[in-house]
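For this chain, numbers begin at 1 and follow the sequence in order. All ligand and atom numbering here is 1-based and tracks the order in the structure.
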Amino acid sequence: MSIVKKRRYQMESKDEALQVVVRGTDVLNEPLLNKGTAFSLEEREELGLRGLVPPRVVGFEAQVARVLENYHRKTDPLEKFIFLTSLHDRNETLYYKVLMENLMEMTPIVYTPVVGAACQQYGHIYRKNRGMYISHHDRGHVREMFNNWNQEEIDIIVVSDGSRILGLGDLGANGMGIPIGKLALYVAGGGIFPCKTLPILLDTGTNNKELLNDALYLGVDEERIEDDEYYALVDEFVLAVQDRWPKALIQWEDFTNNHAFPLLEKYRDKVLSFNDDIQGTGAVALSGLLGAMRIKGEKLAEQRIIFYGAGSAAVGIADMIVAGIVEESGMSEEEARKLFWLLDSQGLVVKNGPRALQAHKIPYARDDKHIDNLMEVIKTVKPTIIVGVSGQGQTFTEDIIKEMYAHVKQPVIFALSNPTTKSECTAEQAYQWTEGNVIFASGSPFDPVRLDGKIYIPGQGNNMFIFPGVGLGASICQSRKVTDGMFYIAAKTLAHIVTDEELALGTVYPDLTKIRLISVTIATAVCRLAFDSGLAGIDEPDDIFKYVEERMYQPEYPRYVAAEEN
Ligand code: NAD
């Protein structure tokens, strides 16, 4: 049974009341409907709530104040996460109001870094169901399981198999924290309606012994399944999504790269889908590098770029930079790739090295001789840019950074590994070891750094700048697919939003508080591209920006009436 007869979606008048089918405690227990103490006396009468909530009708602002008072009483970040999760599970409108009004403070709690700790502890801090879990034991039943989800319209599904959660490795079913967190950012940042989001965890087992030995672990108590069974399950999942929610966009999230690349290739042209770790990361990093080039007054084609790490993020970023160089300088892709040196856990990625290369590394494999450590590569290459995407904390040591700085006045250092403990260096270290001359960005947030009386604001290369806008745009214009071109345009759009004042402070990303404007601007550019390339499934509106903006969710309580009988 649907909980409302008529949902209050974008096209309906804001003044129109929402006809609610359920009554009494069922209303209070449904986070998408619940207003808690803010139900008006009329609504209490209509919906059978008299006596079920305290007598005084409390305004939205007072509810927000109460939440913040309780939130600030907590000092432990994980406790803050648990508190916000409970609010999310109690009253979604209030949750999003609080989150959106305190985005800078709360994004690091609902997403990286604290979501990493929450995933590690998931079975221990678990309170209430959210999202759907599909395991290989559900093979043959996935489509019928989707009937258990009571929303008829889904815009965005974020799905993970928990195999590579941030830089924390295999967390199995505990990885569910990531799809939930990303979708919260979709709502807050991209204006997707909460009821049209669905987090999914594909439980394909875990090879994490600690979790398998943990009595409170909530996933399937087995090691990861073999590839044949794995791909069969993913296929069934994709087909079931297309049948139940044909308009839904699927975002692949935190898969190990041996599955991430094949899944992206398999579905990118057939299904509305993308991989945020590859494409979203590529776009956000390219945008930051375009900002760095503005600061330096140089071109990407003039750079020598080292990647520490050669997985999903590295190749996603490198491919996006190559696209930028080709457009900017007219170089061929092959020539552009010569500006890159990728290192993986074995050292420099070279053609005739000591071992066979995974397919995604091959385009970047160099003709050079193999070097097995970062310091030697830095000495040989004298890079102008170094990007850390290795998941290995504290690997950009003082020696490494000073060696790089010895050859370049304004080194660009992006230490992107998450969460904070895995960052290749801290912001403070990067500024200190380069006498404040670094152009720095990280994956997880760092506080401003004070050095010799000057304040530096480190940028956060947060994928949140990109994926909500891309997802929103692709979903609203009902694009048939999500293309690399959409991510490229998103990167350039984001780069344009960064002001000269922000660059002067050393930060290559805009203020996160502008996220709604960023997302609607990116979504508009994505729609424009979809219309121009014949991918869109709707007629082009006169004013795309306005069309998108009017369809974005705002956390406001609708007025409720009891559903009319019929
Ligand atoms: P991945 O597993 O696909 O790749 C990791 C790479 O690091 C592999 O190539 C591996 O060989 C290499 N590596 C491991 N140990 C190494 C070592 N000691 N020296 C050199 N290389 C080593 O993972 P990924 O998806 O590419 O993510 C990597 C990291 O980037 C994670 O910490 C993730 O959180 C972070 N990330 C950040 C952002 C962002 O900041 N916006 C986005 C995506 C990923």
Side-chain angles (χ1 to χ4, degrees), residues 107-108 111-113 115-116 119 160 163-171 175 178 181-182 185 251-264 275-289 306-320 341-349 353 355 357-361 364-365 371-378 386-397 400 413-424 440-446 458-467 487 491 494 508-509:
T107 302
Y111 209 67
T112 186
V115 73
C119 286
S160 179
S163 57
R164 196 242 61 195
I165 294 302
L166 305 170
L168 300 170
D170 181 355
L171 296 185
I178 296 293
K182 281 254 152 137
L185 303 185
Q251 174 169 324
W252 308 102
E253 191 69 41
D254 283 8
F255 286 73
T256 43
N257 61 42
N258 61 319
H259 290 141
F261 285 105
L263 289 176
L264 176 61
N275 181 303
D276 185 51
D277 306 303
I278 300 171
Q279 297 162 289
T281 306
V284 81
L286 172 62
S287 170
L289 291 174
I306 289 184
F307 279 81
Y308 191 62
S312 308
V315 171
I317 300 170
D319 283 351
M320 206 58 80
W341 286 259
L342 270 58
L343 283 92
D344 62 13
S345 55
Q346 310 293 309
L348 190 62
V349 174
R355 73 239 134 95
L357 291 176
Q358 285 172 281
H360 64 267
K361 297 176 189 168
Y364 291 95
I371 303 176
D372 68 3
N373 70 84
L374 178 60
M375 181 56 117
E376 280 313 306
V377 179
I378 299 237
I386 178 164
V387 181
V389 272
S390 62
Q392 307 296 312
Q394 286 297 312
T395 39
F396 293 174
T397 57
I400 295 273
I413 300 180
F414 282 13
L416 295 183
S417 289
N418 293 316
T420 319
T421 50
K422 303 287 179 186
S423 189
E424 283 79 5
F440 179 83
S442 55
S444 297
F446 282 107
Q460 188 193 355
N462 191 334
N463 289 29
M464 184 186 180
F465 286 125
I466 298 287
F467 71 80
F487 281 94
L494 177 62
V508 291
Y509 291 105

Polar proximity ligand 1 side, [X] side, N/O cut 3.5 Å exclusive:
X: Ser442; result: no
X: Ala314; result: no
X: Ser312; result: yes
X: Tyr308; result: yes

Requested in this report: Give the contacting part of Arg164 toward ligand 1: side chain, backbone, both or neither, where contact means a heavy-atom distance below 4.0 Å.
Outcome: side chain
May I ask you to identify the nearest protein heavy atom to [atom], giving residue, atom name and distance to one decimal place in Å?
atom: atom 41 (N) of ligand 1; answer: Asn463 OD1, 2.5 Å
atom: atom 4 (O) of ligand 1; answer: Gly311 CA, 3.3 Å
atom: atom 20 (C) of ligand 1; answer: Asp344 O, 3.2 Å
atom: atom 9 (O) of ligand 1; answer: Ala310 N, 2.9 Å
atom: atom 26 (O) of ligand 1; answer: Ala313 N, 2.8 Å
atom: atom 22 (C) of ligand 1; answer: Ser345 N, 3.5 Å
atom: atom 3 (O) of ligand 1; answer: Asn257 ND2, 2.7 Å
atom: atom 43 (C) of ligand 1; answer: Thr281 OG1, 3.1 Å

Query - Derivation and outcome, side chain to side chain donor-acceptor pair (under 3.5 Å), residues Glu424 and Ser417 - result: CA-CA 7 Å; Glu424 283 79 5; Ser417 289; 2.6 Å; yes
Evaluate the side-chain proximity of [Y] to [X]: yes if any heavy-atom separation is below 4.5 Å, no if none is.
X: Ile278; Y: Phe255; value: no
X: Pro445; Y: Pro458; value: no
X: Ile178; Y: Leu171; value: no

Query - Shortest reach to atom 12 (C) of ligand 1 by a heavy atom, considering only Gly316, Gly309, Gly288 - result: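 Among Gly316, Gly309, Gly288, the closest heavy atom to atom 12 (C) of ligand 1 comes from Gly309.
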Requested in this report: Please name the pair of heavy atoms, one in Gly443 and one in Asn418, separated by the smallest distance, quoted to 0.1 Å.
Outcome: C-OD1, 3.0 Å
Report summary line: Of all heavy-atom pairs linking Ala441 and Tyr509, the shortest is CB-CE1, 3.9 Å
Query - Min heavy-atom dist Gln392 to ligand 1 below 4.0 Å - result: yes
**Report entry** Donor-acceptor under 3.5 Å (Asp277 side chain, Asp254 main chain)
**Finding:** yes
Query raised in the report: Excluding sequence neighbours, so at least two apart, what forms side chain to side chain contact (heavy atoms under 4.5 Å, CB included) with Asp319?
Result: Val315, Tyr364
Requested in this report: May I ask you to list the atoms of ligand 1 that are less than 4.0 angstrom from any heavy atom of Gly461?
Outcome: 39 (C), 40 (O), 41 (N)
Query raised in the report: Counting from 1, what ligand 1 atoms have a heavy atom of Gly443 closer than 4.0 Å?
Result: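 Heavy-atom distances to Gly443 below 4.0 Å select 40 (O).
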Query - Identified side-chain contact (heavy atoms from CB on, under 4.5 Å) partner of Ser390 from the options Leu343, Thr395, Leu374 - result: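 Testing each of Leu343, Thr395, Leu374 against Ser390, the sole residue satisfying side-chain contact (heavy atoms from CB on, under 4.5 Å) is Thr395.
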**Report entry** Single hit among Leu286, Ile466, Val508 for side-chain contact (heavy atoms from CB on, under 4.5 Å) with Leu494
**Finding:** Ile466
Query - Check: Asn257/Ser312 side-chain N/O donor and acceptor closer than 3.5 Å - result: no
